[in-house]
Protein chains: 2
Amino acid sequence: MSRAEKKEQTRQALLDATIDLVDDRSFGSLSLREVARGAGIVPTAFYRHFASMEDLGVTLVEDSMRVLRRALREGRRDLVKGGMPTARESLSILLRHVRTDEAKFRFLIREQHGGVTEVRRAINTELRLFSRELAIDLARVPALAGWEADDLEIAADLFVTIMMTAVADLLDGDGRVGTEQALVQRAEKQLVMVILGLGQWRTE
Amino acid sequence: MSRAEKKEQTRQALLDATIDLVDDRSFGSLSLREVARGAGIVPTAFYRHFASMEDLGVTLVEDSMRVLRRALREGRRDLVKGGMPTARESLSILLRHVRTDEAKFRFLIREQHGGVTEVRRAINTELRLFSRELAIDLARVPALAGWEADDLEIAADLFVTIMMTAVADLLDGDGRVGTEQALVQRAEKQLVMVILGLGQWRTE
DNA sequence: GTTTTGAGTGAACGTGTGTACACCAATGAC
DNA sequence: GTCATTGGTGTACACACGTTCACTCAAAAC
């Protein structure tokens, strides 16, 4: 294995170890030594890859966000068509992604309002970008033509909030199936309420 | 000062010190010694008041929740009347409370999805209670008569989510006034969207 | 083939950690 | 007035922490 490959592998091991540890603690409570230990290297070697824990945290946000963006984008394609069945479809796509990348989603949810400023900032910046992206999609929906761009972004923001709340609830809940189903139905109904509200907006 | 009073005072000092420290870090990253130092007592004296940091955390949730409940209840009285101006009113009441009890709200926002299980659980239990309370209020609104109780709770849940998101954004934002105003308007419009959606629910 | 580079090592530092224990001193009960 | 109760103290322990420094030794550059 080449030198660069070996380095990349260790770097990834550090990121993986961090994601593992953050499953039941906050990122800010992790120690550099713990992470290094988890990756199977000596503490001082950590600095060959990241300048600090904060630096690693920001990198981890970009990593995890790539997964979230992919999930939300896929769901988005259907959501903009409006109506109840497509809202359900979008949600189930998202939640399927959550199940296969549980740890990364938990990291994002936990640290969105967490105690490490740079990490928090990175997450919210990315989420805002995504809201704007969704707003642009909404603008292309015929039924929403003539809307203010600002208002569309506000609606998009609310969709994202509902989605993220559903993810948080899913990850927090016990493993029981009934709970999960109820949770999905709730989020779905909330999305529909907003969609119905959109239809009424300045049309009354 | 009586013995019991003196003890209560120290206990409060521990809670205050914790709230202070949590302003820019996560609760899980606090050490017992730090908190004791902040309260002006020696580490071992901590145990005269709380069995552990986790224990203190749960107490702090109850403390802070009392403030949040009062704020949300006050705003609720107007919200259930429906319509745009009352949504604005409810929001401004809440945000005024946030400004006077900033640290406690920040604690709740930060730890709602934070790394300390018991604390997280305590916050979400209380929030769920509040949602249910709001749902009962909604049931008394004539326009919403005939709704399923479950659906009302789902709507109430969404109201609470929007409110909490607004609080989080307010506390995260820089101090600039323009930002704050935009944020309030956004939350207000989101509330209205849901209210409009409620009007359409199974009425189409 | 020789030299340079750099990821990983291991010992050492000063400092902070949670908790155990014996102790003090003032309040409150009798 | 005496004595038990109890919040707070100070010392001590074994351990974990972030960061420093001089080091190895294999891959990459020449």
Side-chain angles (χ1 to χ4, degrees), chain A residues 1-61 63 111 114-120, chain B residues 1-60 63 110-111 114-120:
Chain A
M1 189 182 315
S2 93
R3 191 125 136 169
E5 282 171 334
K6 184 72 191 164
K7 172 161 185 177
E8 176 54 31
Q9 181 178 300
T10 305
R11 185 185 141 101
Q12 196 57 52
L14 283 168
L15 294 170
D16 290 349
T18 305
I19 277 288
D20 273 8
L21 288 166
V22 165
D23 233 53
D24 59 348
R25 318 211 334 243
S26 71
F27 176 78
S29 75
L30 299 185
S31 74
L32 183 151
R33 289 176 102 106
E34 266 179 309
V35 173
R37 203 180 302 133
I41 60 173
V42 100
T44 52
F46 177 95
Y47 295 105
R48 302 288 184 193
H49 303 274
F50 301 100
S52 62
M53 280 296 287
E54 196 176 271
D55 185 18
L56 180 150
V58 172
T59 301
L60 207 50
V61 171
D63 245 50
E111 301 304 327
V116 184
T117 311
E118 278 309 307
V119 170
R120 197 175 58 234
Chain B
M1 192 181 316
S2 94
R3 188 123 139 173
E5 282 171 334
K6 184 73 192 165
K7 173 161 186 179
E8 176 54 29
Q9 181 178 302
T10 303
R11 186 186 141 100
Q12 196 56 54
L14 283 168
L15 294 170
D16 289 349
T18 306
I19 278 289
D20 272 8
L21 288 166
V22 165
D23 232 53
D24 59 348
R25 322 219 320 251
S26 72
F27 177 79
S29 75
L30 298 186
S31 74
L32 183 152
R33 289 177 104 106
E34 266 180 308
V35 173
R37 203 179 303 132
I41 60 172
V42 102
T44 51
F46 176 95
Y47 296 104
R48 303 290 184 191
H49 304 273
F50 301 101
S52 62
M53 279 295 289
E54 196 176 271
D55 184 19
L56 180 150
V58 171
T59 302
L60 208 47
D63 244 52
R110 181 154 295 166
E111 301 304 326
V116 183
T117 310
E118 277 310 308
V119 170
R120 196 174 58 236

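Excluded from the calculations below are hydrogen atoms, water molecules and symmetry mates; all remaining heavy atoms, backbone and side chain alike, are included. Residue numbers start from 1 in every chain, and the chains themselves are labelled A, B, ... in the order their sequence lines are given, proteins ahead of strands.
- Closest approach of B:Ala17 and B:Val35 over heavy atoms only: CB-O, 3.8 Å.
- The minimum heavy-atom distance linking B:Leu14 with B:Ala39 is given by the pair CD2-CB, 3.6 Å.
- The side-chain hydrogen bond (donor to acceptor under 3.5 Å, both in side chains) search around B:Asp24 returns none, not counting sequence neighbours.
- Toward the 5' end of DNA chain D, the nearer of the two residues A:Pro43 and B:Lys6, judged by each one's closest nucleotide, is B:Lys6.
- A:Val58 approaches A:Val119 most closely through the heavy-atom pair N-CG2, 4.1 Å.
- Residues B:Arg110 and A:Arg120 meet the side-chain proximity criterion, which asks for heavy atoms closer than 4.5 Å.
- When rounded to the nearest whole Å, the span between CZ of A:Phe50 and P of D:dT19 equals 15 Å.
- Under the side-chain hydrogen bond (donor to acceptor under 3.5 Å, both in side chains) criterion, B:Gln12 pairs with B:Asp16, sequence neighbours left out.
- At least one side-chain nitrogen or oxygen of B:Thr10 sits closer than 4.0 Å to the OP1 or OP2 atom of D:dG8.
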Enumerate all atom pairs, one protein N or O and one N or O from nucleotides 2-4 of chain D, separated by less than 3.5 Å.
none

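- Considering only residues two or more places apart in sequence or on other chains, B:Arg37 meets the side-chain contact (heavy atoms from CB on, under 4.5 Å) condition with B:Arg33, B:Glu34.
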Distances under 3.5 Å only, N/O to N/O: pair up the protein atoms with those of nucleotides 20-25 of chain D.
none

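- The outermost nucleotides of DNA chain C lying under 4.0 Å from heavy atoms of chain B, listed 5' to 3', are C:dT17 to C:dG28.
- Residues A:Val22 and A:Leu30 come closest through the heavy atom pair CG2-CD1, 3.5 Å.
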What pairs of donor and acceptor atoms, side-chain ones from residues 49-57 of chain A against any protein atom, are under 3.5 angstrom apart with sequence neighbours left out?
residue, atom, partner, partner atom, Å
A:Ser52, OG, A:Asp55, N, 3.2
A:Asp55, OD2, A:Ala51, N, 3.1

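- The stretch residues 11-38 of chain A touches DNA chain D through A:Ser31, A:Leu32, A:Arg33, A:Glu34, A:Arg37, each having a heavy atom within less than 4.0 Å of the strand.
- Distance check: B:Arg25 CZ to A:Ser29 OG gives 10.5 Å after rounding to the nearest 0.5 Å.
- Over its length, the helix from C:dG1-D:dC30 to C:dC30-D:dG1 turns its helix axis by 20°, as judged from the five terminal pairs at each end, rounded to 10°.
- Using a 4.5 Å cut-off on side-chain heavy atoms (C-beta onward), B:Leu60 and B:Glu111 make no contact.
- Residues satisfying the side-chain hydrogen bond (donor to acceptor under 3.5 Å, both in side chains) test with A:Ser26, not counting sequence neighbours, are B:Ser26.
- Along DNA chain D, the nucleotide closest to B:Ile41 and the one closest to B:Arg3 are compared, and the more 5′ of them pairs with B:Arg3.
- Residues satisfying the side-chain hydrogen bond (donor to acceptor under 3.5 Å, both in side chains) test with A:Asp23, not counting sequence neighbours, are A:Arg106.
- For B:Ser2 and B:Met53, each mapped to the nucleotide of DNA chain C holding its nearest heavy atom, the one lying further toward the 5' end belongs to B:Met53.
- The nearest whole Å value for the distance from the CZ atom in B:Phe46 to the P atom in D:dT9 is 15 Å.
- Nearest-nucleotide positions on DNA chain C place A:Gly40 closer to the 5' end than the other of A:Gly40 and B:Met1.
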Note to self: A:Arg11 vs A:Thr59, test: side chain to side chain contact (heavy atoms under 4.5 Å, CB included). Steps then yes/no.
What the structure shows: CA-CA 11 Å; A:Arg11 185 185 141 101; A:Thr59 301; 3.4 Å; yes
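- Counting all heavy atoms, side chain and backbone alike, A:Phe46 lies closest to A:Leu32 at CD2-CD1, 3.6 Å.
- The shortest non-hydrogen separation linking B:Ala36 to B:Pro43 is CB-CA, 3.8 Å.
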